[in-house]
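The chains referred to below are lettered A, B, ... by the order of the sequence lines, with proteins before strands, and numbering in each begins at 1.
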Amino acid sequence: MNYQHNLQRLLLKIPHGKVSTYREIAHAMGMCAYRFVGQLLHKNPHPDKFPCYKVVQSDGKLGGFALGDAEKIRRLKADGVSVKNGKVVDFTHKFHRFS
DNA sequence: TTTACGGCTAGGT
DNA sequence: AACCTAGCCGTAA
């Protein structure tokens, strides 16, 4: 059982049309190293196979994406989450909490 | 062992 | 609201 696996499991638990944050994920993994979550996502061997684009910053800003911000926006939109001015629209309502 | 560095965050200007 | 700063915690080198 490693962090990667854990992370992927959590990603898959995010409902369609919703997003989560680095901080929330870190907490759900039983740690407080939210920055580390970013590293894991960046090193994700299959960015195409896991919804890593569904993870944004705690204030609703996009954060980053290995394949580029534009691509992240595209995927979010395709998932039912619209982005405007680099922020998730109606973020608080689209935020999914694991607990 | 130490250093540098992240797809960050919270807090202050 | 936008920008800056200092913490944050595991890795990798």
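In this structure, Arg75(A) places its CZ atom 17 Å from P of dG7(B), rounding to the nearest Å. A straight line from CD1 of Ile73(A) to C1' of dG7(B) spans 14 Å, rounded to a whole angstrom. If you take OH of Tyr34(A) and C1' of dC5(B), they are 15 Å apart, rounded to a whole angstrom. In this structure, Phe65(A) places its CZ atom 18 Å from P of dG6(B), rounding to the nearest Å. What separates NE2 of His27(A) from C1' of dC9(C) is a distance of 15 Å, to the nearest Å. In this structure, CZ of Phe36(A) is placed 15 Å from P of dT9(B), rounded to the nearest angstrom. Put simply, NZ on Lys72(A) is 6 Å from C1' on dG7(B), counting in whole angstrom units. Between the CE atom of Met29(A) and the C1' atom of dG10(C) there is a distance of 11 Å, rounded to whole Å.
Minimum interatomic distance between Val81(A) and Lys18(A) (heavy atoms only, all atoms of both residues): CG2-N, 4.2 Å. Residues Ser20(A) and Ile14(A) share a closest heavy-atom pair of CB-CD1, 3.8 Å.
Within 4.0 Å of Arg23(A), counting heavy atoms only, lie sugar-phosphate atoms of the nucleic acid but no base atom. Counting non-hydrogen atoms under 4.0 angstrom, Val55(A) reaches a base of the nucleic acid.
For Tyr3(A), the listed nucleotide lying nearest its side chain is dT11(C); candidates were dG7(B), dT11(C), dC8(C). Checked against dC9(C), dG7(B), dT9(B), the side chain of Ala33(A) finds its nearest nucleotide in dC9(C).
Ring pair Phe91(A)/Phe95(A) is tilted by interplanar angle, where 30° to 60° counts as tilted.
At a threshold of 4.5 Å between non-hydrogen side-chain atoms, the residues Leu41(A) and Leu11(A) count as touching.
If you find the closest nucleotide of DNA chain B to Gln39(A) and to Gln57(A), the one lying nearer the 5' end belongs to Gln39(A).
Of the side-chain N and O atoms in Ser58(A), one or more sit less than 4.0 angstrom from OP1 or OP2 of dA10(B). Using a 4.0 Å cut-off, some side-chain N or O of Lys87(A) falls inside it from OP1 or OP2 of dA2(C).
Taking the C1' atom of each, dT1(B) and dA13(C) are spaced 12 Å apart, rounded to whole Å. Distance noted for atom C1' between dG6(B) and dC8(C): 11 Å (whole Å).
Here dT5(C) sits opposite dA10(B) as a Watson-Crick or G-U wobble pair (both hydrogen-bonding atom distances under 3.5 Å).
Summarising the geometry, atom NZ belonging to Lys61(A) is positioned 7.0 Å from atom NZ belonging to Lys87(A); distances are rounded to the nearest 0.5 Å.
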